[in-house]
Protein chains: 2
Amino acid sequence: MDSDGAAPARTRAATLTSLAAELGVHVSTVSRALSDAPAGVSTATMEAVRRLAEERGYRSNLTARALRTGRTRVLGMLVPRLADPVLALLHEGVDERAIEAGYTTVVANTLDRADLREKRLDLMLQRRVDGAVVADSLLHSHIADQLEATGVPHVLALRCVPDRLCVGTDDLAGGRLVAEHLLALGHRRFGVVAGDTRASTGHERTVGFLAACEEAGVEVRPEAVVPCLFDVRSGAAATERVLEAVPDVTAIFAGSDNVALGVLGTLRDAGRSVPDDVALVGYNDLDLAAALPVPLTTVDSRILEVGQLATRMLLELLGGGSPEPARLAPRLVVRASTGAG
Amino acid sequence: MDSDGAAPARTRAATLTSLAAELGVHVSTVSRALSDAPAGVSTATMEAVRRLAEERGYRSNLTARALRTGRTRVLGMLVPRLADPVLALLHEGVDERAIEAGYTTVVANTLDRADLREKRLDLMLQRRVDGAVVADSLLHSHIADQLEATGVPHVLALRCVPDRLCVGTDDLAGGRLVAEHLLALGHRRFGVVAGDTRASTGHERTVGFLAACEEAGVEVRPEAVVPCLFDVRSGAAATERVLEAVPDVTAIFAGSDNVALGVLGTLRDAGRSVPDDVALVGYNDLDLAAALPVPLTTVDSRILEVGQLATRMLLELLGGGSPEPARLAPRLVVRASTGAG
DNA sequence: CTGAAAGCGCTTACAG
DNA sequence: CTGAAAGCGCTTACAG
């Protein structure tokens, strides 16, 4: 560390004005010469300006530019929790496309708490984000309305809300895929560790699953469907209740891969093996699903694509377009946890 | 979506100037009345100003404030990849403390690639971040020097570099803990799936492990130590080489829990069970370690605390202080994958 | 092709 | 306690 004593007096950063002064031209000339699409600037001055800018290590001040142009080129992103691998992946898709388009992404954890969400959203608005990707919607909350009221352009991602611009996976179809797979294998006694049914994801996956069961004439008792948070611990606890409700369960549908990990732990502690005693299906197809000692059958929910598409739609919105809501088709990925392989 | 036709002409956002005009006072008065520590403002005007601000939904423009004050109150964060749960956790610690202190965090993935790192860092500097937390350092790269050259205050986190302000875990000690644990269990034939040894984390964990083995008079052949990336797939591939080098291996040290997941997959495919045939130890103690069907012995590397501390140090730096580098003590967490329980 | 001016929204010494 | 002015660094019509 600074073992060489006091930091050297940091030289003031170069500005358009300082460059202009040094070159003896007007600041507006420098601005034009350095702009992405230089219009009406002689090649000679352009070269001179760019050379000096390079030499002085000039870096444009995006704060000043934002104030002047009224556009920050910053996109906000609201997520329940970025440390959840599903949201991390979504963020990756969003950020990738944002960067490509010259935008910076700012992400905030809201932990599905209204108070935090409000604070973080407020801060984003103070920072004047040009738009927002919102991935923490709950079905019966007012977040979508609040957002609408702020007037900031936004698109919901992953978790949808009726009648709102949203991009997600078709979770109803995903739930159906799981049920059809398990029914085809001959299973009839089901448990559902549903994940968070306040969110459209957990809700629709469960509804799709149950609908397919009903159509097949297979009853799933209400007590066999237990909601929980989308994390390992909560999934493990919910599984205990499922086992109480359906002691002779032969197949469990978990609302996410993380939840499935919790299910796995509880089954292990209960002395039941997968898939011999109980078949297990997760959701999302995270990396870990394939890596588990017993690879997990799951549904590829195309999170990365959802993130990319959400950004594309948001940018379209910012450009004055009217993007259509979208639901990507989920894909069943069969592995050993349902007896295959 | 906007089924109700064209968006309503969005009313221009309130500004200090618009509030001042409406109240018939000077803009500077409004600014003072709304400041966090209002100095020299009558209670009457303060109340009037705040009431109107509330009514008009005034939100201060942080972009303008930043330009004026020369401080953005934004902290940058450079990580290899946020979708890696270790970095996601680090970010959580950083962001938590940053928010508390009134700062916003901006994070960028550099994928351990020099070109991306340079681009993302440059963008951060154009955004005039007040400081940066750097978690993507490599031992023999020039990133630390480049950062120093930019003059932006920064602290390295997790991955350290000699003679630089850094906060991380004592990975030498962590590697030793693992070796001592396995030696005490009687193991003598080791494999190391080291993770990325270009980073201090992977490097020091391995060096600590080998040093403890050597002191115990136990030889670990060079071919038994295989570096890889800190992800599942790369860990799985490296394990194959370890098994070739030491066919009768009885214990494997993985440089991270994710790498351990890869090891697990390869052992499974090779028909070797954990812990009966091979004992396995990971590193980081992510949530998934405890949740695995065979719970994973690992080292708690206190990632969240590292992130919190890194921010604390950075803020201290910004305040003119001279924080000391820090290395948190790691803790061994013994579970079934090494035969316990 | 270049210059001069205005202004984005704020804060902060400086007067009074 | 309040007002008036300056200025952060930029961009963009408007002249010439």
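Within every chain, numbering begins at 1; the chains are lettered A, B, ... in the order of the sequence lines, protein sequences first and strands thereafter.
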> Does D/dA13 have a Watson-Crick or wobble partner in any strand here, with both distances under 3.5 angstrom, and which is it?
Replying inline: none

With 3.5 Å as the limit, what N/O pairs link the protein to nucleotides 9-12 of chain D?
residue	atom	partner	partner atom	Å
D/dG9	N2	A/Ala64	O	3.3
D/dC10	OP1	A/Tyr58	OH	2.5
D/dC10	OP1	A/Asn61	N	3.3
D/dC10	OP2	A/Leu16	N	2.5
D/dT11	OP2	A/Ser31	OG	2.8
D/dT11	O2	A/Arg68	NH1	2.1
D/dT12	O4'	A/Arg68	NH2	3.1

> By side-chain contact (heavy atoms from CB on, under 4.5 Å), which residues pair with A/Arg302, not counting sequence neighbours?
Replying inline: A/Asp300, A/Glu305, A/Leu328, A/Ala329, A/Arg331

>> Looking at B/Arg73, is its backbone amide N or carbonyl O close enough to the side chain of B/Asp130 to form a donor-acceptor pair, meaning the two atoms are under 3.5 Å apart?
In response: yes

> Do B/Ser31 and B/Ser28 have side-chain N/O donor and acceptor atoms under 3.5 Å apart?
Replying inline: no

> What residues form a side-chain contact (heavy atoms from CB on, under 4.5 Å) with A/Leu62, not counting sequence neighbours?
Replying inline: A/Ser60, A/Arg65, B/Leu123, B/Gln126, B/Arg127

> Is the number of heavy atoms from other residues, nucleotides or ligands within 6.0 Å of CD (A/Gln146) greater than 12?
Replying inline: yes

> Less than 4.0 Å between a side-chain N and a carboxylate O, is that true for B/Asp145 and B/Arg164?
Replying inline: yes

>> OP1 or OP2 of D/dC1 versus the side-chain N and O atoms of B/Thr45: is any pair under 4.0 Å?
In response: no

> Does D/dA4 have a Watson-Crick or wobble partner in any strand here, with both distances under 3.5 angstrom, and which is it?
Replying inline: none

> Heavy atoms under 4.0 Å, any strand shown: does A/Ser35 hit a base, just sugar-phosphate, or nothing?
Replying inline: nothing

